[in-house]
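Heads up: the structure comes next, in structure tokens.
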There are 2 protein chains.
Amino acid sequence: MEETFCYQYPRPAVTTDCVVFGFDGQEINVLLVERGSEPFKGKFALPGGFLEPNETLEECAQRELLEETGIDSINLRQFAVFSDLERDPRTRVISVMFYGLLAPKAMESDSIKSGSDAVSLKWLKLEHAMNNTSLAFDHKEAIVKAKEALALSLNREPVAFELLDQTFTIKQLQIIYETLLNIEFDRANFHKKMVGHPSATLKAKPTGRKKNSGVITDTGTVMKNTKHKPAKFYTFDSEKYSKLMEQKDFYFGF
Amino acid sequence: MEETFCYQYPRPAVTTDCVVFGFDGQEINVLLVERGSEPFKGKFALPGGFLEPNETLEECAQRELLEETGIDSINLRQFAVFSDLERDPRTRVISVMFYGLLAPKAMESDSIKSGSDAVSLKWLKLEHAMNNTSLAFDHKEAIVKAKEALALSLNREPVAFELLDQTFTIKQLQIIYETLLNIEFDRANFHKKMVGHPSATLKAKPTGRKKNSGVITDTGTVMKNTKHKPAKFYTFDSEKYSKLMEQKDFYFGF
DNA sequence: ACAAAAGTGTTTGGAATACACCCATGC
DNA sequence: GCATGGGTGTATTCCAAACACTTTTGT
């Protein structure tokens, strides 16, 4: 069956690709798949594939991700379109790029495995992925851009918590912010920003409106088997976050 | 000549569309072109058109804008891709959206005129464009999204000044910020944020490092024929802005 | 006891807010 | 003179940075 599809004007092929960031508790990683066919056979690339006629770009990205990596129900955000003429040696291809986030448990889940094409999967440290010149296509630049896009939304939305399990330590949260923003934060101040000012500011004066703007709360449980004082586990309080966002002067970011 | 282009797999048609914001000194407008052919013949739409095989998306957007409106050398930023299955009645079309900015002088320039297709041009107030249900395709939503994207970059980059001539009044700058962010600012405080703290804060104490973070400077000229105290003209000091941006704690936004 | 990492407190200057006041123009 | 809108000053409040101190674990 040598079926062909003909049009009055030339059309580019359209693909979607996904940058999946996974946090393992220590650092941020990027999911890559080994290519089983040319071009770039044997090289690692972002999961993705060609748009089908009956699906939107978002649906295409979800479908390709499920087929190639087993990842289901992940929130994908579109962040760029790559359209250089020579970016694919086969034919003219423009690619719409998405990124998604996985928390430690989801990242280490058994359901993430290579798809039917029997290509292999690999998690690469974000830092290394951004400098890896052997990635297929322009996927290295895609990863760099995805990180930038993620860093921007970090200052407008509580996306960091999509990289964390239900409960997490402040240290983990801080690693995410520091990695993405390329900034080092003072531990004490970061704590106050996230949890809220515990006593000092609150007992000051009950005159003006107070903004104890903490968006994470203590769960009561602590980490086990640490070589030092055990870290508390916290959770993201989305209701509190929503309330704070309604205030026009609330800014959640750095 | 009934030339056709055939491929092994189905491909969508790809277009670019541009949301051109123009500031006339009083308010922000959006440039629309009247469609000369079906679908949506006679309706107003964003300037744009089909991607050609030998150009990138950016080049396509620039070319279509020049062809249809005469606008040349404008900085275009990609902000979304629309891919709903039914967004174009003819065939499957996905559209990559860009926005660009024009200052009063450029907006009123004679070189902006309808292109070869003899379709007419129209500037619509941004406020009206965002509520205009008779626009072609999904272009109303595109305008809304473009405004949101522009509002976001307003807090990271000095894009507001691309909507202003070389010299401008603080009032004009404030209108732009207020329109895009849907916030009303205190006149005096807005002034200080942009120009810098003139005396009060500076003469306070010469102990710590001072941050007289003004990014616009007085030009010496003033507005003529006003019914009140004439407003000064200011310019954006890009060098000062760059220096401030190098400081890690500098935030230019609201 | 010590090291290491988590958590808390305190001081301080800068910045945002709210608002009062002064200035320059046309009428 | 007055109205109008531009420009400046200032007190208050609040946040964020810097940094010292305390707590809890393992060795």
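Lettering of chains follows the sequences in order, A, B, ..., and the numbering in each one begins at 1.
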Q | Closest contact, heavy atoms only, N155(B) versus G253(B) | A | OD1-CA, 3.4 Å
Q. How close or far is atom P of dC14(D) from atom CG of N189(B), stated in whole angstroms?
A. 16 Å
Can you tabulate the close N/O pairs, meaning under 3.5 Å, that link protein atoms to atoms of nucleotides 24-26 of chain C?
residue	atom	partner	partner atom	Å
dA24(C)	N3	K229(B)	N	3.2
dT25(C)	O2	K227(B)	O	3.2

(Q) Below 30° counts as parallel, above 60° as perpendicular, anything between as tilted: where do the rings of Y177(A) and F252(A) land? (A) perpendicular
Q.
In this structure, how many angstroms lie between the C1' atom of dC19(C) and the CZ atom of F185(B), rounded?
A. 18 Å
Q. Roughly how many Å is it from NZ in K192(A) to P in dT11(C), rounded to a whole number?
A. 12 Å
Q: Please name the pair of heavy atoms, one in N131(B) and one in K140(B), separated by the smallest distance, quoted to 0.1 Å.
A: C-CD, 4.1 Å
**Q.** Inter-residue atom distance S134(A).OG - H139(A).NE2, 0.5 Å rounding
**A.** 13.0 Å
Q | Modelled atom types, side-chain donor and acceptor of T217(B) and D237(B), under 3.5 Å | A | no
Q: Could you give me the CA-CA distance, side-chain angles and deciding distance for Y241(A) and F161(A), then say whether ring-ring contact (aromatic ring centres under 6.0 Å, His included) is met?
A: CA-CA 12 Å; Y241(A) 177 82; F161(A) 304 104; 8.0 Å; no
Q. Hey, is the side chain of K193(B) poking within less than 4.0 Å of OP1 or OP2 on dA16(C), counting only N and O atoms?
A. yes
Q: Grab the OH-C1' distance between Y251(A) and dT17(C) for me, whole Å please.
A: 19 Å
Q: Round to a whole Å and report the spacing from CZ of F190(A) to C1' of dC15(D).
A: 16 Å
Q) For DNA chain C, which residues in residues 175-184 of chain B have a heavy atom at a distance below 4.0 Å? A) none
Q: Return no unless some side-chain N or O of H191(B) is found under 4.0 Å from OP1 or OP2 of dT8(D).
A: yes
Q. Y234(B) and T221(B): side-chain donor and acceptor closer than 3.5 Å?
A. no
Q: Could you grab the distance from atom NZ of K192(A) to atom CZ of R187(A), nearest 0.5 Å is fine?
A: 10.5 Å
Q | dG7(C) base / R187(A) side chain donor-acceptor hit below 3.5 Å | A | yes
Q. Looking at CG of L126(B) and CZ of F23(B), how far apart are the two atoms once the value is rounded to the nearest 0.5 Å?
A. 11.5 Å
Q | Gap between atoms CG and C1', on N155(B) and dA16(C) respectively (whole Å) | A | 15 Å
Q | Rounded distance in Å - CD1 (I170(A)) to C1' (dT8(C)) | A | 11 Å
Q. Under the 3.5 Å rule, do the base of dG7(C) and the side chain of K171(A) count as making a donor-acceptor pair?
A. no
(Q) How many whole angstroms separate atom CZ of F233(B) from atom P of dG6(D)? (A) 12 Å
Q.
With a 3.5 Å cut-off and heavy atoms only, can you find an N or O donor on one side and an acceptor on the other between the side chain of D186(A) and the base of dA16(D)?
A. no
